[in-house]
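Reviewing the structure listed below.
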Amino acid sequence: MILCGMGTNVIFNLSRTMGSYKLRIIINEGDIRKVSLDGKPETVEELKIKIKEKCNLQDDFNLMYEDPDFGYCLCNLDDIEDLPATKATVKVISMVTLTLVPASTTSISDVSNVSDDTEILSTYSSSSSTRQEQWPEFFEIPNFSVDVEFRLRQANLQFLRDQTYLNVPRDMKHGILEKLAEAIYKFDGYPNAERIHSVALALISKNPCLREPGSPDGCSGWKNSLTYKMGNYRTKLRKAGCAEVAINRGEKGTPEMASKGLKRPKRFEVNYLPDLPDGQNEDRLEVERKLLVEEMKKRNPSGTFIASKMDQTFPLRRREIVEAEPPVKTLKERWPALFTERQVFAEFNRIATTNLENDFFGAVDRYTPHFVTIFKSKKGSVGEKLAEIVQQIDSRKPDVTAKT
DNA sequence: CGTGACACCAAAATACAACG
DNA sequence: CGTTGTATTTTGGTGTCACG
């Protein structure tokens with residue numbers, strides 16, 4: 001990375017007690033430990049050593065922490081100041097085994113029954129319907145119904161013996177697709193081909209008997225079925241009154257789509273219009289919004305306070321923006337915090353579950369070499385100008401890496 | 001009867017051409 | 001040459017049907 005990691009303006013609590021530092025350490029899905037250190041470590045390295053000791057870990061690992069800026073999604077821990085002052089949750093990422101993922105499905109409910117102490121994190125991650133997790137690198141196939149699981153197990157064993165693929169009966173296919181659609185929907189209501197592909201691959205790698213020997217990747221049929229399924233699944237949700245997908249419904253039965261001039265979500269807008277979380281209504285959230293406006297009037301508004309309230313009020317805000325389409329001026333009055341740099345990034349993450357800054361610079365880093373070769377190959381007057389620019393970049397390279 | 005599959009249509013995304 | 005308008009492709013929604 002050339003350009004990332006701009007100044008992290010972390011405000012940390014000066015009055016923090018110099019006593020114990022509580023850690024919740026996620027080692028893997030079924031192993032989450034609570035550890036107390038004497039004081040917050042000064043560096044990430046020191047923290048790693050402490051964790052290694054306390055948890056008896058042998059192999060090297062990296063750490064991730066739950067970033068309040070991004071709905072407590074996991075981010076790499078590079079700067080110790082990113083951790084809260086008195087207690088934190090970190091995840092151990094082993095550098096040895098990356099592919100072996102246990103087959104259990106974990107959800108928010110698993111997290112809540114892990115420890116009995118007060119959990120700062122779960123307060124508004126459990127009740128909200130807003131998606132928080134990014135699309136996983138390795139999609140975890142959920143557990144199907146006992147019946148389906150049983151038959152799959154049998155078929156997998158059979159497959160191991162004599163390589164016979166399973167001819168999936170109708171009801172079984174339904175069971176599989178339904179659970180998969182549900183699992184996919186948790187991340188993305190409108191998954192693209194690539195995401196469908198990754199799910200299908202995960203499915204046939206976990207259940208070799210489901211592989212389709214005829215197709216080039218062994219899962220073309222599953223990909224097809226999954227795309228159909230996601231469509232049908234959305235219609236189902238629409239009928240059940242889910243606002244997020246209902247917004248794309250054409251008023252009346254007629255194909256009169258431009259019902260209210262509403263735009264359908266863009267492909268990456270994963271949380272375009274989340275439903276209000278259980279136990280929240282517009283009035284309650286409106287109160288929170290007023291708190292936000294007040295906070296912004298202070299000379300030094302608290303970043304963490306704003307981050308958490310902005311998270312909480314996200315569904316209300318989206319509803320407002322999508323349905324009423326207020327002018328920017330009104331928006332500035334009602335949501336002043338939305339216009340701070342930090343919240344611009346945070347809001348982007350809430351909508352697209354993507355880290356705008358990192359992804360952008362990551363992409364820049366990834367594509368720059370290719371661009372440079374294209375530039376170099378360009379002829380004519382434009383080519384000369386580009387060559388000049390490339391020259392400048394080349395000669396300045398060490399600078400760029402050093403700065404920011 | 002419910003559901004996977006598919007046809008059909010409008011909107012969104014993208015490729016392309018015409019223009020000043 | 002960049003901009004802008006247009007044509008083409010892709011995506012997602014609705015309706016329908018066959019099948020177990």
Side-chain angles (χ1 to χ4, degrees), chain A residues 131 135 141-142 144-145 147-148 151-152 155 165-200 203-204 207 210-212 214-215 219-275 318 321-323 325 351-354 359 363 367 371 374-375 377-389:
Chain A
R131 292 185 184 78
W135 184 265
I141 300 298
F144 304 119
S145 69
D147 170 49
V148 174
R151 284 195 273 172
L152 273 179
Y165 296 97
L166 176 63
N167 190 11
V168 191
R170 194 185 155 85
D171 62 319
M172 198 168 161
K173 184 169 199 178
H174 174 64
I176 294 174
L177 288 177
E178 188 76 15
K179 270 284 185 311
L180 285 180
E182 205 178 296
I184 294 174
Y185 192 84
K186 281 191 188 140
F187 297 103
D188 189 351
Y190 296 79
N192 59 20
E194 188 193 335
R195 293 185 167 184
I196 299 266
H197 181 74
S198 80
V199 177
L203 178 70
I204 60 166
N207 300 290
L210 294 179
R211 174 177 271 277
E212 296 151 335
S215 68
C219 63
S220 298
W222 285 109
K223 283 195 287 186
N224 255 327
S225 297
L226 273 173
T227 7
Y228 291 136
K229 182 65 194 181
M230 287 315 285
N232 290 327
Y233 189 71
R234 281 191 295 266
T235 347
K236 210 168 164 183
L237 289 176
R238 216 166 281 130
K239 280 178 188 152
C242 162
E244 164 170 47
V245 286
I247 190 107
N248 298 328
R249 171 166 45 190
E251 278 304 273
K252 299 192 302 176
T254 55
E256 181 191 322
M257 179 68 183
S259 43
K260 273 191 64 187
L262 283 176
K263 285 183 196 147
R264 97 156 59 127
K266 305 263 195 307
R267 237 181 280 155
F268 55 87
E269 290 173 328
V270 175
N271 287 309
Y272 184 68
L273 186 69
D275 283 318
R318 288 306 294 171
I321 294 174
V322 172
E323 287 172 5
E325 300 188 359
I351 295 174
T353 54
T354 302
D359 284 7
Y367 294 118
F371 274 137
I374 293 176
F375 290 168
S377 70
K378 189 88 182 164
K379 304 245 156 55
S381 64
V382 183
E384 272 172 38
K385 274 192 187 144
L386 285 173
E388 220 173 274
I389 294 169

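The analysis underlying the following values was restricted to heavy atoms, covering all of them including side chains, and did not include hydrogens, waters or symmetry mates.
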**Report entry** Set of side-chain contact (heavy atoms from CB on, under 4.5 Å) partners for A:Glu178, sequence neighbours left out
**Finding:**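 Listed in chain order: A:His174, A:Lys229, A:Tyr233, A:Lys236.
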
Query raised in the report: Who are the side-chain contact (heavy atoms from CB on, under 4.5 Å) partners of A:Arg151, not counting sequence neighbours?
Result: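 In terms of side-chain contact (heavy atoms from CB on, under 4.5 Å), with neighbours along the sequence ignored, A:Arg151 is linked to A:Asp147, A:Pro169, A:Asp171, A:Met172.
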
Requested in this report: Check each residue of residues 219-233 of chain A for a non-hydrogen atom within less than 4.0 Å of any atom in DNA chain C, then write out the ones that pass by number, or none.
Outcome: none

Requested in this report: Apply salt bridge (Lys or Arg N to Asp or Glu O under 4.0 Å) to A:Lys179 and list each qualifying residue two or more places apart in sequence or on a separate chain.
Outcome: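 Once residues adjacent in sequence are excluded, A:Lys179 has no partner under the salt bridge (Lys or Arg N to Asp or Glu O under 4.0 Å) criterion.
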
Query raised in the report: Closest approach of A:Val148 and A:Gly175, non-hydrogen atoms and distance?
Result: CG2-CA, 4.5 Å

Query raised in the report: Near DNA chain B, which residues from residues 165-181 of chain A have a heavy atom under 4.0 Å away?
Result: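 Per residue number, the list reads A:Arg170, A:Lys173, A:His174.
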
Query raised in the report: What is the distance from NZ of A:Lys236 to P of B:dG2, rounded to the nearest Å?
Result: 10 Å

Query raised in the report: Rounding to a whole Å, what distance do you find between A:Arg195:CZ and C:dG12:P?
Result: 12 Å

Report task. Apply side chain to side chain donor-acceptor pair (under 3.5 Å) to A:Ser198 and list each qualifying residue two or more places apart in sequence or on a separate chain. Result -> none

Report task. Under the side chain to side chain donor-acceptor pair (under 3.5 Å) rule, collect the residues that match up with A:Ser145, sequence neighbours excluded. Result ->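 In terms of side chain to side chain donor-acceptor pair (under 3.5 Å), with neighbours along the sequence ignored, A:Ser145 is linked to no residue.
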
**Report entry** Phosphate OP1/OP2 of C:dG13 contacted by A:Arg234 side-chain N/O (<4.0 Å)
**Finding:**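 Answer yes for this pair, as a side-chain N or O of A:Arg234 is under 4.0 Å from OP1 or OP2.
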
Report task. Give, for atom CG of A:Leu210 and atom NZ of A:Lys173, the distance between the pair rounded to the nearest 0.5 Å. Result -> 10.5 Å

